[in-house]
Amino acid sequence: MASESDTATSNFIRSMIEKQAATTVATRFPPEPNGYLHLGHAKSICLNFGIAKEFNGWTNLRFDDTNPDKESEEYMQAIKRDVEWLGFNWKSLCYASDYFDDLYECAVALVKSGDAYVDSLSAEEIREYRGTLKQPGKESPYRNRNAEQSLELLEEMKAGKHNEGDHILRLKIDMASSNMNMRDPAIYRIKKSHHYRTGDKWSIYPLYDYTHCLSDAIEGITHSLCTLEFEDHRPLYEWVIEKVKASSVQVELGSPVQTEFGPLNLEYTVLSKRKLVELVQKGIVNGWDDPRMPTISGLRRRGFTPDSIREFCRRIGVTKSSAVIEMGVLETVVREELNESAQRRMAVLEPLKVIITSIADDHNEILELANHPNKPELGSRQLPFTREVYIEQSDFEEEPPPKFKRLIPGGEVRLRSSYVIRCDEVIKDENGQIIEIHCSHDPDTLGKKPEGRKVKGVIHWVPVEQSVKSEVRVYDRLFNRPDPLAEEDYLNAVNPDSLVVLSNARLEPSIGDAETGSKFQFERQGYFAIDDDSTAEHPVCNRTVGLRDTWS
RNA sequence: UGGGGCGUGGCCAAGCGGUUAAGGCACCGGGUUUUGAUCCCGGCAUUCGUAGGUUCGAAUCCUACCGCCCCAGCCA
């Protein structure tokens, strides 16, 4: 259990709700099924589900599926799985596509009331007519086409009688508005694509600004929480609901209020679906659940837990500024949880053979090792101590740097949970490469301190014969600069060494049959999770995060 | 003078006219330790983008200035 605090830090959204009369708090998490969820979504999920739960309200999971070109069943299923995995339960599973009929009916009403019209300008012309940030736009010549004509065209668009781009349905607001979103925004475009849910029923699809607010209103959402970039859309959000309510349609609409919060930014990675799609499609990573990805599925495979991700979201807070969070925060939450829950094991990532010459060839002493140094209730496991063991290559230095407390020629070191050994001889091949180390052990040091001297170093080890050969994947940050987007092309900032595969690692035998997803601390090295690729014949471990290291 | 937002220590973030300006991460000590881990103890903003003003009193109110972010998809 992570130290998930029960005293939630105050934030402006909570304060706002506290000041409001005690009404139900109804929220929604509205992803478009066009990719996998990432940490930015986790922040939104924790906020939406968390705040509703806190005020005894409810939350819908709604798929904002109005652009069939980019959406799929696969993405939809992945999103559902990830939200559930994070530990949240939705009240209703909704789809914007379920409202297509109602939405169309509302659009017809808006045309009739003179609040919408079919424009027949081309996309380029519309862009020109829109004006610029500093100059007002000008009205389309089709803007005052009568309602009957617009209605007829809209029906034809719906019936598939026109080609994509020929016409578009726009709201009639204000082409001179200083808010670009109010310059007669498009609300329906002709698109003859197959929709993963509605199939080929529709030839026109509603756009976000029109769909989102009405979906919220239809579901009875009270608090529509979204990120800062939608701040400018709020007047439009309110305009649409007001106009539809004033129209003759018999769709029952609530009165949702949109509130915006700052999006999550994380150092050394990118959090935008468009860019994550690119990383996947260009093969820069191995799929959406590549453990280097900031996706929920990637983090899960990497060894993160739902608790640690929720704790991360709690710690970063919710404000109106776009914060850039340091990786250290993410690393800390998962270390804190795994330190409590993960059983300890020994594993040698880059083996160096040690022969303990003072021990007989057939020596096979069974050691009983605690699974957790501070939690005896987690029990113990057995590990054979034999004449030949592997230690980490980096735990031996012929010419040690200052303050090196590991094995050196003539020096002593403790084999973790075992005996103190002394390095007597370094065996090299004809090229001068170290092949093995010959040591002798002090038989009187099992479970006790050596007499008359102190041995500072403790290193991990595994028996040569009984250890299990395994592949260990060590991950580093995906990008080599904290702000990859500051690069001309962010792909230039991809870290070429973000994955290091150690294919000759040795695990202590008790890990051999651990199931996929199991998490351990490999002592002195970090936290590791058994990967999906792992099999009994070929175990594969992912390093979730290293231990805090004040030495190297 | 397009419009909309945001500026509290290296990174987050409380604070809402009277507090010694919470807390976390990071960092720096010191102690314990058969993981250079954990754990423990201590340190870490006379100051809240800047400059003025209001007030007995300002991070909190006002004014000006500076900096950063977002907006011209028939994406969401």
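A note on names: the letters A, B, ... follow the listed sequences, proteins ahead of strands, and every chain is numbered from 1. As the structure is a prediction and not an experimental result, all values here were calculated from the model. Computation of the quantities below employed the complete heavy-atom set of this structure, encompassing side-chain atoms and omitting hydrogens, waters and symmetry-equivalent molecules.
With P as the reference atom, B/C44 and B/A21 are 13 Å apart, rounded to whole Å. Nucleotides B/A58 and B/U1, compared at atom C1', are 29 Å apart to the nearest Å. The C1' atoms of B/A45 and B/C41 are separated by 23 Å, rounded to the nearest whole Å. The gap from the C1' atom of B/G42 to that of B/U32 amounts to 15 Å, rounded to the nearest Å. Rounded to the nearest Å, the gap between the P atom of B/U50 and that of B/G9 is 10 Å. Separation of the C1' atoms belonging to B/G31 and B/C69 is 46 Å when rounded to the nearest angstrom. A gap of 34 Å separates the P atoms of B/C11 and B/U54, to the nearest Å. Between B/G49 and B/A13, the two P atoms lie 14 Å apart (nearest whole Å).
Using a 4.0 Å heavy-atom cutoff across all strands shown, A/Ser418 reaches at least one base atom of the nucleic acid. Nucleic acid contact class of A/Lys273 (heavy atoms, under 4.0 Å, all strands): none. Note on A/Ser177: nothing from the nucleic acid sits closer than 4.0 angstrom, heavy atoms only. Heavy atoms of A/Leu207 sit under 4.0 angstrom from primed sugar atoms or phosphate atoms, though from no base atom. Note on A/Ile316: only backbone sugar-phosphate atoms sit closer than 4.0 angstrom, heavy atoms only; bases stay farther off. Counting non-hydrogen atoms under 4.0 angstrom, A/Arg127 reaches the backbone sugars and phosphates but no base. Counting non-hydrogen atoms under 4.0 angstrom, A/Val455 reaches nothing in the nucleic acid. Nucleic acid contact for A/Ala323: sugar-phosphate only, since backbone atoms but no base atoms lie under 4.0 Å from a heavy atom of the residue. At the heavy-atom level, A/Leu446 lies under 4.0 Å from base atoms of the strands shown. Within the 4.0 angstrom heavy-atom criterion, base atoms lie near A/Gly447. Residue A/Leu330 is classed as having no contact, given no heavy-atom separation below 4.0 Å to the nucleic acid. Within the 4.0 angstrom heavy-atom criterion, no nucleotide atom of any strand lies near A/Glu164. Residue-level contact check: A/Gly328 touches the backbone only, with heavy atoms under 4.0 Å from sugar-phosphate atoms and none from bases. At a threshold of 4.0 angstrom between heavy atoms, the contacts of A/Arg416 include nucleobase atoms, whether or not backbone atoms are also involved.
Across all strands shown, B/C48 forms no Watson-Crick or G-U wobble pair with both key distances under 3.5 Å. Base pairing of B/U8: its partner is B/G15, meeting the Watson-Crick or G-U wobble criterion (both donor-acceptor distances under 3.5 Å). Across all strands shown, nothing is found opposite B/U1 as a Watson-Crick or G-U wobble partner with both distances under 3.5 Å. Base pairing of B/C27 is made with B/G43, judged by Watson-Crick or G-U wobble geometry with both donor-acceptor distances under 3.5 Å. Pairing partner, B/U32: none, since no Watson-Crick or wobble contact has both distances short of 3.5 Å.
Residues satisfying the salt bridge (Lys or Arg N to Asp or Glu O under 4.0 Å) criterion with A/Arg189, sequence neighbours excluded, are absent altogether.
Between A/Pro31 and A/Leu37, the shortest heavy-atom contact is CB-CD1, 4.2 Å.
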Any chance you could lay out the side chain to side chain donor-acceptor pair (under 3.5 Å) test for A/Thr269 and A/Arg477, step after step, and finish with the verdict?
-> CA-CA 7 Å; A/Thr269 191; A/Arg477 37 187 61 142; over 6 Å; no
Practice task
Let me see the working for A/His195 and A/Ser97 under side chain to side chain contact (heavy atoms under 4.5 Å, CB included), right down to the final yes or no.
Solution key: CA-CA 9 Å; A/His195 188 284; A/Ser97 53; 3.7 Å; yes
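Sequence order on RNA chain B of the closest nucleotides to A/Asn34 and A/Gln135 puts A/Gln135 first from the 5' end. Both A/Asn67 and A/Leu133 lie near RNA chain B, and the one whose nearest nucleotide falls closer to the 5' end is A/Leu133.
When only modelled atom types and interatomic distance are considered, A/Glu71 and A/Tyr196 share no side-chain donor-acceptor pair under 3.5 Å. Donor-acceptor pairing under 3.5 Å is recorded for the side chains of A/Thr227 and A/Glu229. Inspection of the A/His167 and A/Asp119 side chains reveals no N or O donor paired with an N or O acceptor under 3.5 Å.
More than 90° away from 0 lies the glycosidic angle of B/G10, which makes this nucleotide anti.
Between chain A and RNA chain B, the heavy-atom contact criterion of under 4.0 Å yields a 5' to 3' nucleotide range of B/G2 to B/A76.
Here the two rings, on A/Tyr117 and A/Tyr142, have centers that are 6.0 Å apart or farther.
Salt-bridge check for A/Lys192 with A/Glu164: failed, with every basic side-chain N at 4.0 Å or more from each acidic carboxylate O.
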